[in-house]
Amino acid sequence: MQTFRPRHFAIVPAAGSGSRMGADTPKQYLPLLGRPLIHHALAVLCAATQIDKVFVVLSVDDKHWARHDWSAFGPKLVPLFCGGASRADSVLGGLRAIAGEAEQSDWVLVHDAARPCLAPWHIDKLVRELAHDEVGGLLAVPVADTLKQADGQRRVQRTVPRDSLWQAQTPQMFRYVMLRRALESTHGVTDEASAIEAAGLHPRLIQGDPTNLKVTYPLDLHLAEWILQNRDN
């Protein structure tokens, strides 16, 4: 009897404008080591043997994607021009677009377009440790800094205990049917794990590392460049 092996699909929502970067070009297309920022994560995802296909969810009127050469990734990389106003809308649009290809029990790894320092070992660890998990989970790192809660005047109201706090990263990995139902039932969430939590489930935290940073502000581009250049050392 043939054993069923769930497939792994990656979805990269990339329909945002990245307004906090203060640039005219959407953040995912800003240059990083001679390539568009999004190229670096796509290269790692497409090279991962565990991942069967990588879908990039772009805005309907995206004019930048076609200006770059993605042919090196071959048919494994598929652009979907169905992005929405929010990250959740884009991911849900992507899930709906691949409904004819994905089985309900297939895994979906959602990764931020603005995390260019994704490494092969991040994917390896996430896929391996969640392979038999009933819910799924996400890469995250324990909070190291002391956290302060501010009042309306930006004065410290209290210190927040950090013992059980983690900083969420991506990829976040859940079954296709579970993630789609969660996103269709929830509004206003900022990541996939939040949608799963809203459904009453408890995603598992898989410890990553701080190098998997998210580029949000201009300085982050320099940090990402340093990480990519020095990672082998």
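No hydrogens, no waters, no symmetry mates; every other heavy atom, side chains included, goes into these values.
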TODO: Begin from the C-alpha positions of L228 and R231 and carry the test side-chain contact (heavy atoms from CB on, under 4.5 Å) through to its verdict.
DONE: CA-CA 5 Å; L228 292 173; R231 176 164 272 161; 4.3 Å; yes
- [ ] May I ask you to check whether H222 and Y217 place their ring centers less than 6.0 Å from one another?
- [x] no
TODO: Taking the side chain as every heavy atom from C-beta outward, state whether D106 and F9 have any atom pair closer than 4.5 Å.
DONE: yes
TODO: Write down the atom of A14, the atom of L58, and the distance for their closest heavy-atom approach.
DONE: O-CD2, 3.8 Å
Task: V12 reachable from V78 in the ILVMFWY side-chain graph, under 4.5 Å edges - done: no
Open item on the list: Please tell me whether M173 and F55 are part of a single hydrophobic cluster in this structure, the criterion being side-chain heavy atoms less than 4.5 Å apart.
Closed with: no
Task: side-chain hydrogen bond (donor to acceptor under 3.5 Å, both in side chains) partner of E184, the single match among H187, R181, R180 - done: R180
Open item on the list: Return the CZ to CD distance between R154 and Q157, rounded to the nearest 0.5 Å.
Closed with: 14.5 Å
- [ ] Please check if atom CD in E134 has more than 12 non-hydrogen atoms from other residues, nucleotides or ligands closer than 6.0 Å.
- [x] no
TODO: Determine the minimum heavy-atom distance between S59 and F81, stating which atoms define it.
DONE: O-CD2, 3.5 Å
Open item on the list: So, taking the atom named CG in L147 and the one named OG1 in T159, what distance separates them when rounded to the nearest 0.5 Å?
Closed with: 9.0 Å
Task: Steps toward side-chain contact (heavy atoms from CB on, under 4.5 Å) verdict (L42, L77) - done: CA-CA 8 Å; L42 293 179; L77 179 64; 4.1 Å; yes
Task: Value rounded to 0.5 Å, distance of CG in L179 from CD in Q104 - done: 13.0 Å
- [ ] Compare all side-chain heavy atoms of V127 with those of L109 and state whether any distance is below 4.5 angstrom.
- [x] yes
Task: Candidate pair L223 and D220, rule side-chain contact (heavy atoms from CB on, under 4.5 Å), full reasoning - done: CA-CA 5 Å; L223 294 174; D220 297 332; 4.0 Å; yes
Task: Cluster link L45 to I11, ILVMFWY, side chain under 4.5 Å - done: no
Task: Smallest separation among heavy atoms of L130 and G137, with atom names - done: CD1-N, 3.3 Å
- [ ] Give the cluster check for V108 versus F174: same hydrophobic cluster or not, with ILVMFWY residues linked at side-chain heavy-atom distances below 4.5 Å.
- [x] yes
Task: R67 atom CZ: more than 12 heavy-atom contacts under 6.0 Å - done: yes
Open item on the list: Looking at every heavy atom in both P6 and S105, which two are closest together, and how far apart are they?
Closed with: CB-O, 3.6 Å
Open item on the list: Just verifying a value: how many Å separate K214 NZ and Q167 CD, rounded to the nearest 0.5 Å?
Closed with: 10.5 Å
TODO: Side-chain contact test, heavy atoms from C-beta onward, threshold under 4.5 Å: evaluate it for P142 versus L165 and give yes or no.
DONE: no
Open item on the list: Using modelled atom types and a 3.5 Å cut-off, is there a donor and acceptor pairing between side-chain atoms of R158 and backbone atoms of K148?
Closed with: no
Open item on the list: With rounding to the nearest 0.5 angstrom, report the CD1 to OG1 distance, I196 to T186.
Closed with: 8.5 Å
TODO: Indicate if F73 and V44 have the same hydrophobic cluster label, given that clusters are the connected sets of ILVMFWY residues with side-chain heavy-atom separations under 4.5 angstrom.
DONE: yes
Only distances under 3.5 Å count here; give the side-chain donor-acceptor pairs of residues 110-118 to other protein atoms, sequence neighbours excluded, each with its distance to 0.1 Å.
{"unit_1": "H111", "atom_1": "ND1", "unit_2": "T170", "atom_2": "OG1", "d": "2.8"}
{"unit_1": "H111", "atom_1": "NE2", "unit_2": "R115", "atom_2": "O", "d": "3.0"}
{"unit_1": "D112", "atom_1": "OD1", "unit_2": "R87", "atom_2": "NH1", "d": "2.2"}
{"unit_1": "D112", "atom_1": "OD1", "unit_2": "R87", "atom_2": "NH2", "d": "3.4"}
{"unit_1": "D112", "atom_1": "OD2", "unit_2": "R115", "atom_2": "NE", "d": "2.8"}
{"unit_1": "R115", "atom_1": "NH1", "unit_2": "N212", "atom_2": "O", "d": "2.7"}
{"unit_1": "R115", "atom_1": "NH2", "unit_2": "A168", "atom_2": "O", "d": "3.4"}

Please table the atom pairs, donor to acceptor, closer than 3.5 Å between any side-chain atom in residues 94-102 and protein atoms at least two apart or in another chain.
{"unit_1": "E101", "atom_1": "OE2", "unit_2": "K53", "atom_2": "NZ", "d": "3.0"}

- [ ] Please examine the side chains of Q169 and V141, heavy atoms only from C-beta on, and report whether any two atoms are closer than 4.5 Å.
- [x] yes
- [ ] State whether D69 and R35 are salt-bridged, where the test is any N-O pair (Lys NZ or Arg NE/NH1/NH2 against Asp/Glu carboxylate O) under 4.0 Å.
- [x] no
Task: Heavy-atom pair with the smallest gap, counting every atom of P36 and W70 - done: CG-CH2, 4.1 Å
Task: Y29 side chain reached by L37 side chain, heavy atoms, under 4.5 Å - done: no
Open item on the list: Nearest 0.5 Å, please: how far is CD1 in I227 from NE2 in H40?
Closed with: 12.0 Å
TODO: Could you tell me whether R7 sits above the aromatic face of W107, with NZ or CZ closer than 6.0 angstrom to the six-membered ring centre and within 45 degrees of the axis?
DONE: no
- [ ] Determine, stepwise, if the pair R175 / D133 fulfils salt bridge (Lys or Arg N to Asp or Glu O under 4.0 Å).
- [x] CA-CA 10 Å; R175 299 284 186 181; D133 197 274; over 6 Å; no
Open item on the list: Let's go through T146 and V160 carefully: what are the C-alpha distance in whole Å and the side-chain angles of both, what is the deciding distance for side-chain contact (heavy atoms from CB on, under 4.5 Å) to 0.1 Å, and is it a yes or a no?
Closed with: CA-CA 7 Å; T146 298; V160 180; over 6 Å; no
Task: Minimum heavy-atom distance between S90 and A15, given as atom pair plus value - done: OG-CB, 3.7 Å
Mind listing the side-chain donor-acceptor pairs of residues 198-210 below 3.5 Å, one per line with the distance, residues two or more places apart or on another chain?
{"unit_1": "R204", "atom_1": "NH1", "unit_2": "E129", "atom_2": "O", "d": "2.9"}
{"unit_1": "D209", "atom_1": "OD1", "unit_2": "T211", "atom_2": "N", "d": "2.9"}
{"unit_1": "D209", "atom_1": "OD1", "unit_2": "T211", "atom_2": "OG1", "d": "2.2"}
{"unit_1": "D209", "atom_1": "OD2", "unit_2": "W121", "atom_2": "NE1", "d": "3.4"}
{"unit_1": "D209", "atom_1": "OD2", "unit_2": "H122", "atom_2": "NE2", "d": "2.8"}

